[in-house]
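Worksheet for the structure shown next.
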Number of protein chains: 2
Amino acid sequence: MGATRSLEIIRAFYAVAREVGLENASISRVGEHMGISNGLVMHYFKTKDELLIGLNDYILQQHMQVMLEGHRGQIRSRKDLEELIRNLFSRKWNQYFDDGVFYSCYALIYRNEAFKDSFKAYLLELHRVLRDELQQARENGIIENENIDSLAEIIFALVDGSYYYLGMFDQGDALHKSQQETYIAHCLQLFKYSVS
Amino acid sequence: MGATRSLEIIRAFYAVAREVGLENASISRVGEHMGISNGLVMHYFKTKDELLIGLNDYILQQHMQVMLEGHRGQIRSRKDLEELIRNLFSRKWNQYFDDGVFYSCYALIYRNEAFKDSFKAYLLELHRVLRDELQQARENGIIENENIDSLAEIIFALVDGSYYYLGMFDQGDALHKSQQETYIAHCLQLFKYSVS
DNA sequence: AAATTAATTGAATGACCATTCAATTTATGT
DNA sequence: ACATAAATTGAATGGTCATTCAATTAATTT
């Protein structure tokens, strides 16, 4: 089946990019990494651009999956809500994902409209999901914030801003930990909890 | 003088990266762009890595300059403080800087320790400056926030997170504008103004 | 003016790149 | 078993890459 081979190739491309950087990840290296000929790679992806777009889609899809993992259900308690937030700030996918490759893809949106559209769709969807979760928290009487939309946007800005800054520090670093707690504490403090 | 030539080359490298992407910015293209031989470029930068590091330093230095431009002085009034914040969120350097090149450089920190160190030093310095400005605002009796340190960190997370997200939208876009106002409004609301 | 140093050229090198393609192997359907 | 299609190979192509270097020109010093 062609679809699985395509996916295999994308995964290999990702693995190679992780090792040598996206800018040095070539078709030949992908083939070599898989133990197949470079010609075969090009049989599944007519151009390198196609492969790049495939990688981008793959990364975004995986990212979404990890991002939403765990808190798919309803937000029924204050604890659920806090876990949701902590989950957003935890850089747990670092074990699955490479930030260098991710930001390299992100950088491409500024020169490639297709990349920008993909990223935009992904981010809008991600924001929508958080908004819905917060809406649920409100409907379930956990919080009483009035402007859920902007609340979600603020939280995501904090999340994304924290990734950007914390990328500088090792995850074991003490500063990394305390900084992360600062962000989380501020976030949780944004909620107007209902008195029960 | 060698120093000015080096700077010329870095600037040309930046201009080329802007046009074709950092991953496609080659020594030859830099030479071509300047109307000099590729050999001369390599005379000033022994390896391409040196040139890359030169570009990174240049970008960070310029970025800092634009970031701090205007609000070098004391924060004496509430208006000064608000302007400082608005300035941080305004993407005004987009006319001078290319986000694609910037994020491409940023992505390199994940695989190159020298890049990471440069970026880290730059960000720490930038954060220090904002912290000092807020401290001034406090000493001048404009705000009464107790934890200036974490306040500065939260503000920067919002700033960086907003850049990340707003990169997706055209600056003329209505959503871009309203989103930006959401961030700014939230930021200003973080201040505990003194009653005068 | 001669000597020395610095700036600059441009061609050569060998490696790697994305892409093409004819040939071959493997799988699939009849 | 045969025929058709799909998967795969590997070599060839022409281009660009970073890097090297001997030769040349310009600037500076003596």
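Everything quoted here is computed from the prediction, not taken from an experiment. Here is how names work: the chains are called A, B, and so on, in the same order as the sequence lines, proteins then strands, and each is numbered from 1.
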Polar atom pairs between nucleotides 25-27 of chain C and protein, under 3.5 Å, N or O only, would you list them?
none

Subject >> dA6(D) phosphate, OP1 or OP2, under 4.0 Å from R5(A) side-chain N/O >> reply: no
**OP:** To the nearest Å, give me how far apart CG (N24(A)) and P (dA15(C)) are.
**Re:** 18 Å
**OP:** Kindly state whether the ring of F119(B) and the ring of F102(B) have centres lying under 6.0 angstrom apart.
**Re:** yes
Subject >> Whether Y122(B) and H63(B) hold their rings parallel, tilted or perpendicular, with breakpoints at 30° and 60° >> reply: perpendicular
All N/O contacts under 3.5 Å from nucleotides 18-22 of chain C to the protein, with atom names and distances to one decimal?
{"residue": "dA18(C)", "atom": "OP1", "partner": "K48(A)", "partner atom": "NZ", "Å": "3.0"}
{"residue": "dA18(C)", "atom": "OP2", "partner": "I27(A)", "partner atom": "N", "Å": "3.0"}
{"residue": "dT19(C)", "atom": "OP2", "partner": "K48(A)", "partner atom": "N", "Å": "2.7"}
{"residue": "dT19(C)", "atom": "O4", "partner": "N38(A)", "partner atom": "ND2", "Å": "3.4"}

Original post:
dA5(D) C1' sits how many Å from H43(A) NE2, rounded?
Top reply: 11 Å
Original post:
Given atom CG of L40(B) and atom P of dT25(D), what is their separation to the nearest angstrom?
Top reply: 16 Å
Subject >> Lys/Arg-Asp/Glu bridge criterion (N-O < 4.0 Å) met for R111(B), E23(A) >> reply: yes
Subject >> Contacts of R86(B) that satisfy side chain to side chain donor-acceptor pair (under 3.5 Å) - sequence neighbours left out >> reply: E181(B)
**OP:** Working to the nearest 0.5 Å, report the span between CG of L134(A) and CG of D149(A).
**Re:** 9.5 Å
**OP:** Take the protein atom CG of L51(B) and the nucleotide atom P of dT19(D), then report the distance between them rounded to whole Å.
**Re:** 10 Å
Original post:
Can you tell me if Q136(B) uses its side chain to pair, donor with acceptor, with the backbone of I75(B) under 3.5 Å?
Top reply: yes
Subject >> Distance flag, aromatic centroids of Y164(A) and Y106(B), threshold under 6.0 Å >> reply: yes
Original post:
Taking the six-membered ring where the residue is Trp, are the ring centres of H127(B) and Y165(A) under 6.0 Å apart?
Top reply: yes
